[in-house]
Visitor: 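Before anything else, here's the structure in question.
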Amino acid sequence: MAKPVIMSVDDDPEVLGAIERDLRRHFRSDYRILAVNSGPQALETTRQLKGRDAAVALFLVDERMPQMTGTQFLTEARKLYPDARKVLLTAYADTEAAITGINTVGLNHYLMKPWDPPEQHLYPVLDDLLADWAAAFRAPFDGIRIAGSRWSPRCYEIKDFLSRTQTPYRWIDLDSDPATRELVETITPGLKRLPVVFFPDGTTLAAPTSRELAQRIGLQTEARQPFYDVIVVGGGPSGLAAAVYGASEGLRTILIELDATGGQAGTSAQIENYLGFPSGIAGADLARRATVQARRFGAEVVTPRCVSAIRVEDPYRVVALDDGSELRCYALLLATGMIVRRLDVPGADALTGAGVYYGAAVSEAAAHRDSAVAVVGGANSAGQAALLLARYASKVTMLVRGESLNASMSAYLVDRIEATGNIEVRTHCTVAGVGGSDRLEAIELLQTDTEARSTLPATAMFVFIGSAPLSDMVAGLVERDELGFVVTGPDLMRDGKRPQGWTLERDPFLLETSVPGIFASGDVRFGSTKRVASAVGEGSAAVGMIHKYLETV
Ligand SMILES: Cc1cc2nc3c(=O)[nH]c(=O)nc-3n(C[C@H](O)[C@H](O)[C@H](O)COP(=O)(O)OP(=O)(O)OC[C@H]3O[C@@H](n4cnc5c(N)ncnc54)[C@H](O)[C@@H]3O)c2cc1C
């Protein structure tokens, strides 16, 4: 960790040189000494230090400076560093100013010039002040910091993206940190563009897109070549498995993911039924390991980028990305999975990201410590989320449409929920609406068995009400069922006949779609088992079929 700073400010070069020399001699081993020759310059330096989250222990400032007096500087500096000790350097005639300083900026000491010998007049005073400061000092966090409002949807998205890419960050709520708020005001006046992201090198981004953020944290956001043997669309368990097997077997492989890798599984607090992890594994952890593994074998993992359309120009499959650029390949795997369905009730859209969350929102769980929250849904994913939230929230209410959890949830989760004192399960219960001005405050409930209506106060509601496949980018190109699931292999055969437009002298492979060379695996595929293990199995099996297909191109 960088040493805390002692900053001295004086417009007289001779005095500044002398104080700098004396400070260095005594404090150099524990503190970084900064000498600045004007108030405005010192304020700029102080802002930069705050931007880097550097610690400032003490300001030693001359009162009589032409552009800005010492007291004026300290008035501003203490907004950024309220705990730093403040010492004013005064001539005898400035005693009045020093007394004003004590009253207006909470001056800790005023020091008469000259301070010789420093062993007698300077060091004992500063040692004392610095010991006080150090006793209360907490070392700053050395990584990315995000400053914003807890109830802002964009702040939530950025936090979620970072936590899903397992990028460590510290969250700063501007409502409870006036010093950082002061700094953020200088970056985005009126706090118009939040959040502000502070990087350890002192640079900042205001309201960045996920792509800008990804570039800054070192993720690959662009393909390195125009052509690949295989393009995998979607970075959930199925796509990641395909990338690992494809690249490890020597295919030029690229995976394109629109958000963070991990897919639905990446949002799971704890996956307990995946082979080889007897005490479970956090979804984000599984995603990180698989992503590292795919890269280690040479697969390119490009994120966050959206595949907006796919077309065929034989023998190539052409993928259009969100910025209009295109990539080509011989074989393409659709592993685009599913997305949690949106709740269609009054108020829900306006409060999404401000108390209404879709999926597990692992990044939000700790923010609801000692609050009352709700989980909507009765399947395994809702059960996992309820158990995670119960570690923080004072009360978790599960709102379940059916008559019990047993019908829709694995027994091991039902047992744990029953054994958790602060989880209440309300059955026959649906959400009729949500309320709150700029954040969720209450949920309107409807008991479907009695038609009774009631209001449940809650700071957050996590929604798990089923999912829909993500396959619009191949609408009209490959065969899908009425819900949008992509049909493959034997399911394409009708009365022993191959699908319409199929020209090859063979049947579609097991995971091949109605267009040769375009494969589908995992949750997006019609008839798939919606589980991590089966998505992984299909992703790896698809690579075997892609090999066979490539032999013919
Ligand atoms: C909260 C939760 C908990 C779960 N817990 C368990 C569990 O404990 N055990 C278990 O076996 N299963 C569990 N599941 C189910 C399991 O996670 C899924 O079956 C599995 O993730 C499916 O994998 P997939 O790769 O097919 O699809 P997904 O995981 O849905 O991944 C698809 C990916 O494709 C991306 N994508 C979509 N469209 C595009 C596009 N146009 N361009 C680029 N990328 C795109 C998406 O962003 C996504 O990352 C859980 C699911 C949820 C939601």
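Remember, it's 1-based here, ligands and their atoms both numbered in the order they're listed.
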Visitor: Out of all atoms in ligand 1, which are within 4.0 Å of some heavy atom of Q384? Include the element for each.
Guide: 3 (C), 4 (C), 5 (N), 6 (C), 7 (C), 8 (O)

Visitor: Pull out every atom of ligand 1 sitting under 4.0 Å from any heavy atom of G234, numbered as shown with elements.
Guide: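 Here the atoms of ligand 1 in question are 33 (C), 34 (O), 35 (C), 44 (N).
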
Visitor: Could you tell me whether the side chain of K159 reaches within less than 4.5 Å of the side chain of I146, counting heavy atoms only?
Guide: yes

Visitor: Closer than 4.0 Å to some heavy atom of C306 - which atoms of ligand 1 meet that?
Guide: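 Numbered from 1, ligand 1 contributes 41 (N), 42 (N).
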
Visitor: Apply salt bridge (charged side-chain N to carboxylate O under 4.0 Å, His left out) to K395 and D370, showing your working.
Guide: CA-CA 8 Å; K395 173 94 186 277; D370 302 327; over 6 Å; no

Visitor: Set out, in order, the CA-CA distance, both residues' side-chain angles and the distance that settles side chain to side chain contact (heavy atoms under 4.5 Å, CB included) for E482 and F485, then state yes or no.
Guide: CA-CA 8 Å; E482 65 285 359; F485 288 101; over 6 Å; no

Visitor: Considering both backbone and side-chain atoms of S238, is one of its nitrogen or oxygen atoms within less than 3.5 Å of a nitrogen or oxygen in ligand 1?
Guide: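 For ligand 1, there is an N or O atom that lies under 3.5 Å from one belonging to S238.
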
Visitor: My understanding is that we take every heavy atom of each candidate and find the minimum distance to atom 39 (C) of ligand 1. Doing that for V232, L258, V233, which one comes out nearest?
Guide: L258

Visitor: Short N/O distance, under 3.5 Å, between S381 and ligand 1?
Guide: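 Among all N and O atoms of S381, none is under 3.5 Å from an N or O of ligand 1.
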
Visitor: Within the 4.0 Å heavy-atom shell around G522, which atoms of ligand 1 are there?
Guide: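 Atoms satisfying the 4.0 Å criterion: 26 (O).
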
Visitor: Heavy-atom distances under 4.0 Å are what count here, so tell me which part of N273 touches ligand 1: side chain, backbone, both or neither.
Guide: side chain

Visitor: Is any side-chain heavy atom of D259 closer than 4.5 Å to a side-chain heavy atom of R164?
Guide: yes

Visitor: Looking at I256, which atoms of ligand 1 are within less than 4.0 Å of one of its heavy atoms?
Guide: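 Every atom of ligand 1 under 4.0 Å from some heavy atom of I256: 43 (C), 44 (N).
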
Visitor: Would you tell me which option among V319, D523, V536 has the nearest heavy-atom contact to atom 26 (O) of ligand 1?
Guide: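 Heavy atom nearest to atom 26 (O) of ligand 1 belongs to D523.
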
Visitor: For the residue pair M493 and P508, establish whether any side-chain heavy-atom pair is separated by less than 4.5 Å.
Guide: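 In short, these two side chains touch, coming nearer than 4.5 Å.
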
Visitor: Can you find an N or O of A265 that's nearer than 3.5 Å to an N or O of ligand 1?
Guide: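 Among all N and O atoms of A265, at least one is under 3.5 Å from an N or O of ligand 1.
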
Visitor: Does D259, backbone or side chain, put an N or O under 3.5 Å from an N or O of ligand 1?
Guide: no

Visitor: N/O of T267 under 3.5 Å from N/O of ligand 1, yes or no?
Guide: no

Visitor: Can any side-chain N or O of T513 pair as donor or acceptor with the backbone N or O of I518 at less than 3.5 Å?
Guide: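 Yes, T513 side chain to I518 backbone: donor-acceptor pair under 3.5 Å.
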
Visitor: Provide the number and element of each atom of ligand 1 under 4.0 Å from a heavy atom of A535.
Guide: 22 (C), 23 (O), 26 (O)

Visitor: Considering only NZ, NE, NH1 and NH2 on the basic side and carboxylate oxygens on the acidic side, decide whether R426 and E424 come within less than 4.0 Å.
Guide: yes

Visitor: Using side-chain heavy atoms (C-beta onward) and a distance below 4.5 Å, is P516 in contact with F509?
Guide: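 SC-SC contact between P516 and F509 ruled out.
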
Visitor: Under the 3.5 angstrom rule, does the side chain of S528 hit a backbone N or O of G522 as a donor-acceptor pair?
Guide: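 Yes: the side chain of S528 pairs with the backbone of G522.
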
Visitor: Would you please test F297 and Y245 for ring pair (Phe, Tyr, Trp, His ring centres under 6.0 Å) and show each step?
Guide: CA-CA 9 Å; F297 282 121; Y245 284 93; 8.4 Å; no

Visitor: Check the side chains of E300 and Q220 for a donor-acceptor pair under 3.5 angstrom, ignoring hydrogens and angles.
Guide: yes

Visitor: L240 versus P237: any side-chain heavy-atom pair under 4.5 Å?
Guide: no

Visitor: Any atoms of ligand 1 less than 4.0 Å from a non-hydrogen atom of R531? List them with their elements.
Guide: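 Here the atoms of ligand 1 in question are 10 (C), 11 (O), 12 (N), 19 (O).
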
Visitor: How does A335 reach ligand 1, by side chain, by backbone, by both or by neither, if only non-hydrogen atoms under 4.0 Å count?
Guide: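 Backbone only; the side chain of A335 stays clear of ligand 1.
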
Visitor: Would you say V524 has any N or O atom under 3.5 Å from an N or O of ligand 1, going by distance alone?
Guide: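 Not met; the criterion fails.
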
Visitor: At under 4.0 Å between heavy atoms, is it the side chain or the backbone of L470 that contacts ligand 1, or both, or neither?
Guide: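 Contact part for L470 vs ligand 1: side chain (C-beta onward).
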
Visitor: Quick one: does ligand 1 sit under 4.0 Å from the side chain of M338, the backbone, both or neither, non-hydrogen atoms only?
Guide: backbone

Visitor: Please check if the side chain of R341 supplies one atom and the backbone of S467 the other of a donor-acceptor pair under 3.5 Å.
Guide: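 The answer is yes, because a donor-acceptor pair under 3.5 Å joins these two groups.
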
Visitor: What I want to check is whether the side chains of S514 and R498 have a donor and an acceptor closer together than 3.5 Å.
Guide: no

Visitor: Looking at F198, is R145 sitting on its ring face, NZ or CZ under 6.0 Å from the six-membered ring centre and within 45 degrees of the normal?
Guide: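 Yes, cation above the ring, under 6.0 Å and within 45°.
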
Visitor: Indicate yes or no: does an N/O atom of V307 lie under 3.5 Å from an N/O atom of ligand 1?
Guide: yes

Visitor: Show which atoms of ligand 1 fall inside a sub-4.0 Å distance from at least one heavy-atom site of G337.
Guide: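 Within the 4.0 Å cut-off of G337, ligand 1 contributes 27 (O), 28 (P), 30 (O), 32 (C).
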
Visitor: Please confirm whether N380 approaches ligand 1 to less than 4.0 Å, judged on its heavy atoms.
Guide: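 In this structure, N380 fails to qualify as a contact of ligand 1 - no heavy atom is under 4.0 Å.
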
Visitor: Would you indicate which of Q264, E272, E257, R525 comes nearest to atom 53 (C) of ligand 1 when only heavy atoms are counted?
Guide: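 Of the listed residues, Q264 has the closest heavy atom.
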
Visitor: Heavy-atom contacts under 4.0 Å between R305 and ligand 1: side chain, backbone, both, or neither?
Guide: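 Looking at R305 and ligand 1, just backbone atoms fall under 4.0 Å.
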
Visitor: Between P237, G236, G539, flag the one that comes closest to atom 23 (O) of ligand 1 by a heavy atom.
Guide: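 It is P237 whose heavy atom sits nearest to atom 23 (O) of ligand 1.
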
